[in-house]
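Since we're looking at a predicted model, the values are computed, not measured. Reminder, nothing fancy here: chain letters follow the sequence lines and each chain counts from 1.
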Amino acid sequence: MTLPTHSAASVPSPSPSAPPAREGASLHGPVIAWYEANARDLPWRRPEAGAWGVMVSEFMLQQTPVARVLPVYEEWMRRWPRPADLAKEPSGEAVRAWGRLGYPRRALRLHGAAVAITERHGGDVPEHHAQLLALPGIGEYTAAAVASFAYGQRHAVLDTNVRRVLARAVSGEQFPPNATTAAERRLARSVLPEDEDTAARWAAASMELGALVCTAKGERCESCPLSDRCAWRLAGKPEHTGPPRRAQTYAGTDRQVRGKLLAVLREALEPVPQVTLDRVWHDPVQRARALDGLVADGLVEPLENGRYRLPGHRSFPPHQPR
DNA sequence: AACACGTGGCA
DNA sequence: TTGCCAAGTGT
């Protein structure tokens, strides 16, 4: 596997007089050129990361900022350089090494994906979108991202950054809809470069643009390669209308209690007695519900003696075809 | 379709 | 301090 090399010479540029053959043709060139000059040097973008490195990074980056992922990613790749290395560990080790990245079910699913890769794909991250999609924790976005970033394939990689870039540059809206729509997928496919290598560069470049320039708040239009043609900017940057983007509450929720319980178990080297867990939350009803949920999710293993620990053995459910 | 699911930085 | 936000997935 190789990361696409950066070469502006391979970026096709439409002739000045002819109208663009397709809607996205006027987007690729500027954005890819901008990317080649401004892309961050992230470890999972280096060739030595391999498909496994790309995949690990994608799991960690789901809803989690780059800065927080970096140190954990380095530790994981040092400890588990190949899928089989992770697969032979108990799943609880993945949860423990996940640290405070949040959404620890991702760790469990990444472990489950490593097991599946070892069993079904000979230890190599599969290259086909459908094979990736069948792995636990990999949805539409991550399957496209791994296929594109790791294997240079042509896929619409529609994450929150790209959705925002397209919403603004093409649709003239400040923000995309709350949930990804069929219209967005259609738009993303319509602006996808025909050439496979160019499509892979566009995927990485448009995502980086959304992450660094076309941000949710404090967008830096003066640094944007699309500023002269951005539909939203040309319309005077109208404020978002429509349904408010649903706020995510956290304080006092089961999620917070789960987080506190799991934090105790992550730090513990030995199984933890019930009474220790009882100290993390005042409400016994909510506390019990949170603990039951963690057990049901396979994040916590109850032992015969009334103690609890991170799962000591593989506990991910068998693969269910979608 | 709407929710649940962690965590911490920043304005 | 509160609210928003960060490369989503599964049910």
Query raised in the report: Any sub-3.5 Å donor-acceptor pair from A/W52's side-chain atoms to A/V56's backbone N or O?
Result: no

Query raised in the report: A/R287 side chain to A/V280 main-chain N or O, any donor-acceptor pair under 3.5 Å?
Result: no

Query raised in the report: Looking for any heavy atom pair under 4.0 Å, which part of the strands does A/R163 touch: base, sugar-phosphate only, or nothing?
Result: nothing

Report task. Pick base, sugar-phosphate or nothing for A/A216, based on heavy-atom distances below 4.0 Å to the nucleic acid. Result -> sugar-phosphate

Query raised in the report: Got a sec, which pairs hit salt bridge (Lys or Arg N to Asp or Glu O under 4.0 Å) with one end in residues 213-230 of chain A, sequence neighbours left out?
Result: A/E219-A/K237

Report task. Take atom CZ of A/F59 and atom C1' of C/dA7, then tell me their distance rounded to the nearest Å. Result -> 13 Å

Query raised in the report: Could you give the CD1-to-C1' distance, from A/I138 to C/dA7, as a whole number of Å?
Result: 13 Å

Among [options], find the nucleotide with the atom closest to the side chain of [X].
X      : options              : answer
A/T142 : C/dA7, B/dT7, C/dT9  : C/dT9
A/V66  : B/dC5, C/dG10, C/dA7 : C/dA7
A/M207 : C/dA6, C/dA7, B/dA4  : C/dA7
A/R258 : B/dC5, C/dA7, B/dT7  : B/dC5
A/K217 : B/dG6, C/dA6, C/dC4  : C/dC4

Query - Whole-Å P distance, B/dC5 and C/dA7 - result: 23 Å

Report task. Between B/dG8 and C/dT9, how far apart are the P atoms? Round to whole Å, please. Result -> 23 Å

Query raised in the report: Can you find a side chain N or O atom of A/R100 that sits less than 4.0 Å from OP1 or OP2 on B/dG8?
Result: yes

Report summary line: For A/T142 and A/E58 the tightest heavy-atom approach is CG2-CB, 3.9 Å

